[in-house]
Amino acid sequence: MGEIILNSYGKINLALDVLYKRDDGYHEIKTIMQQIDLKDTIMLRDIDEGIIIESNQKGVPLDSTNLVYKAWEEMVKKTGINRGIHITIDKNIPIAAGLAGGSSNAAATIKGLNTLWELNLSQEELMEIGVTIGADVPFCIQGGTAYAQGIGEKLTPLNKFSNKLVLLANIDVSIPTAYVYESLNLDAKDNKKDINKLIEYIQKDNLPLLAQNMFNVMEKVVVSKYPILEKIKRTMMEHGALGSLMSGSGPTVFGLFDNESKLYSCKKELEKYVNKIFVCKTI
Ligand SMILES: C[C@](O)(CO)[C@H](O)COP(=O)(O)OP(=O)(O)OC[C@H]1O[C@@H](n2ccc(N)nc2=O)[C@H](O)[C@@H]1O
Ligand SMILES: Nc1ncnc2c1ncn2[C@@H]1O[C@H](COP(=O)(O)OP(=O)(O)OP(=O)(O)O)[C@@H](O)[C@H]1O
């Protein structure tokens with residue numbers, strides 16, 4: 001019986017703009033997605049039939065609502081192979097945090113089954129399966145740095161923006177992504193920043209200009225509910241972050257640093273009032 005262990009990396013959004021609500025109920029977005037080395041570990045083991053999901057984290061659903069369950073179902077549907085699987089999720093990425101924890105686990109499961117079942121499906125084919133599970137899954141399959149449009153599945157790879165120091169601060173509340181999308185005021189023509197400028201800064205590997213100009217139109221909605229996020233951002237900037245922003249639908253706030261000692265002194269200060277803090281790097 002085969003077994004495979006995979007890394008399941010998180011992501012942050014270096015920019016996020018929501019344009020309009022589409023007829024299919026999803027929203028047209030423009031976003032820059034960046035993989036980080038904060039990761040879960042996924043172990044897949046062949047069993048005769050059915051699916052067993054185990055995790056070290058009690059907040060992870062162990063039933064058909066787990067995105068890894070949906071990933072296995074889609075792969076069985078697509079290939080007609082009906083082999084069972086035992087999935088163990090060693091969870092480090094905070095849940096419902098805006099870091100694509102579940103999406104990343106689904107992406108790792110799709111890639112892992114492709115290997116375990118010797119399917120030889122292309123990355124394109126795996127991403128087409130991925131989008132049926134969630135808008136962030138195709139990016140989690142491709143990884144790296146990418147400009148995403150559509151619902152988040154139309155990806156244009158960007159130059160690697162790797163090895164940047166990231167400090168993540170997560171307040172322990174889970175915010176449904178759908179709620180944040182539905183709460184947006186899409187008519188507000190606040191002076192939206194130009195995402196094309198940010199793409200240029202990434203292509204030129206210009207961290208300071210990227211960090212000073214990154215934006216997330218979802219931030220206002222979530223900060224209004226949880227003002228502590230504003231305090232976290234201020235603390236990061238006061239401790240030398242080049243920029244600080246909420247990731248995706250939140251509530252995690254990240255800070256980009258170019259100096260490790262400033263990052264760690266910021267971490268020490270945040271530890272006074274935030275209980276989930278992670279140091280990681282872009283990859
Ligand atoms: C906020 C982001 O994380 C930015 O990367 C993504 O847009 C959300 O990706 P995700 O969590 O994988 O989203 P999904 O699980 O596919 O969708 C959850 C819900 O979010 C809303 N949703 C999601 C993506 C999108 N482009 N428009 C939406 O309106 C829909 O109501 C959907 O039912
Ligand atoms: N493998 C999984 N890991 C974590 N949560 C999962 C998983 N499968 C399903 N879920 C459910 O999905 C919800 C969203 O979890 P997830 O960690 O994917 O949010 P997220 O990081 O905000 O995702 P995104 O950034 O793509 O919006 C959770 O409330 C949880 O109940």
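Both ligands and their constituent atoms are indexed starting at 1 by order of listing. One is the number of the first residue; the rest follow in order along the sequence.
- Below 3.5 Å of separation, one finds an N or O of G98 facing an N or O of ligand 2.
- Each of the atoms 27 (O) of ligand 2 lies under 4.0 Å from some heavy atom of T177.
- Less than 4.0 angstrom separates some heavy atom of S103 from each of these atoms of ligand 1: 12 (O).
- Near G134, the atoms of ligand 1 lying under 4.0 angstrom from a non-hydrogen atom of the residue are 12 (O), 16 (O).
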Inset, instruction - Go through the steps for E74 and K70 under the test salt bridge (charged side-chain N to carboxylate O under 4.0 Å, His left out), then give the verdict. - result: CA-CA 6 Å; E74 284 301 316; K70 295 184 183 227; over 6 Å; no
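- Taking a cutoff of 4.0 Å between a charged side-chain nitrogen and a carboxylate oxygen, K30 and D194 do not qualify as a salt bridge.
- Side chain to side chain, Y179 and S249 fail the donor-acceptor criterion of an N or O pair below 3.5 Å.
- Summary of contacts: the protein heavy atom closest to atom 15 (O) of ligand 2 is A96 N, 3.5 Å.
- From the protein, the heavy atom lying nearest to atom 3 (O) of ligand 1 is D136 OD2, 2.8 Å.
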Inset, instruction - Might you work through the salt bridge (charged side-chain N to carboxylate O under 4.0 Å, His left out) test for E28 and K21, ending with a clear yes or no? - result: CA-CA 6 Å; E28 191 72 24; K21 185 163 185 173; over 6 Å; no
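- Counting only non-hydrogen atoms, the option in G102, A71, G59 that gets closest to atom 2 (C) of ligand 2 is G102.
- Residue I151 approaches ligand 1 through these ligand atoms, each under 4.0 Å from one of its heavy atoms: 25 (C), 26 (N).
- In this structure, the side chain of N216 engages the main chain of M246 through a donor-acceptor pair within 3.5 Å.
- For atom 4 (C) of ligand 1, the nearest protein heavy atom (residue, atom name, distance) is N13 ND2, 3.5 Å.
- The residue from K91, K70, M33 that puts a heavy atom closest to atom 4 (C) of ligand 2 is K91.
- Ligand-side atoms of ligand 1 in range of M33: 5 (O), range being under 4.0 angstrom from any heavy atom.
- Looking at atom 8 (N) of ligand 2, its nearest protein heavy atom turns out to be L67 N, 3.0 Å.
- In the model, T252 has a side-chain atom that pairs as donor or acceptor with a side-chain atom of N170 under 3.5 Å.
- Close approach of ligand 2 to S249 is summarised as follows: ligand atoms under 4.0 Å from at least one heavy atom of the residue are 27 (O).
- Atom CZ in R45 sits 7.5 Å away from atom CD1 in I52 (nearest 0.5 Å).
- A donor-acceptor contact closer than 3.5 angstrom links the side chains of H86 and E54.
- K91 and N105 share a donor-acceptor pair across their side chains, judged by distance under 3.5 Å alone.
- Neither the backbone nor the side chain of A106 has any atom closer than 4.0 Å to an atom of ligand 2 (non-hydrogen atoms only).
- Heavy-atom separations between K11 and ligand 2 include at least one value shorter than 4.0 Å.
- Distance from atom 6 (C) of ligand 2 to its nearest protein heavy atom, with residue and atom name: P61 CD, 4.0 Å.
- At least one cation-pi condition fails for K262 and Y264: the charged atom is not both under 6.0 angstrom from the six-membered ring centre and inside a 45 degree cone around its axis.
- Comparing heavy-atom distances from atom 24 (C) of ligand 1 across F139, Y179, Y26 singles out Y26 as nearest.
- Protein heavy atom at the shortest distance from atom 25 (O) of ligand 2 is A100 N, 2.9 Å.
- If you check which protein heavy atom lies closest to atom 24 (P) of ligand 2, you get D136 OD2, 3.5 Å.
- For atom 31 (O) of ligand 1, the nearest non-hydrogen atom of the protein is A178 CB, 3.6 Å.
- Using a 4.0 Å cut-off between heavy atoms, Y181 contacts ligand 1 through its side chain alone, with no backbone atom that close.
- Given atom 27 (N) of ligand 1, the protein heavy atom at minimum distance is H27 N, 2.9 Å.
- Looking only at heavy atoms of the protein, atom 16 (O) of ligand 1 is closest to A135 N, 2.8 Å.
- Among all protein heavy atoms, the one lying closest to atom 20 (O) of ligand 1 is T177 CG2, 3.6 Å.
- Residue contacts with ligand 1, taken as heavy atom pairs separated by less than 4.0 Å, do not involve T31 at all.
- By the 4.0 Å heavy-atom criterion, A97 is counted among the residues contacting ligand 2.
- With a 4.0 Å heavy-atom cut-off, ligand 1 is reached by no atom of K21.
- In this structure, S174 does not count as a contact residue of ligand 2, since none of its heavy atoms falls inside 4.0 Å of the ligand.
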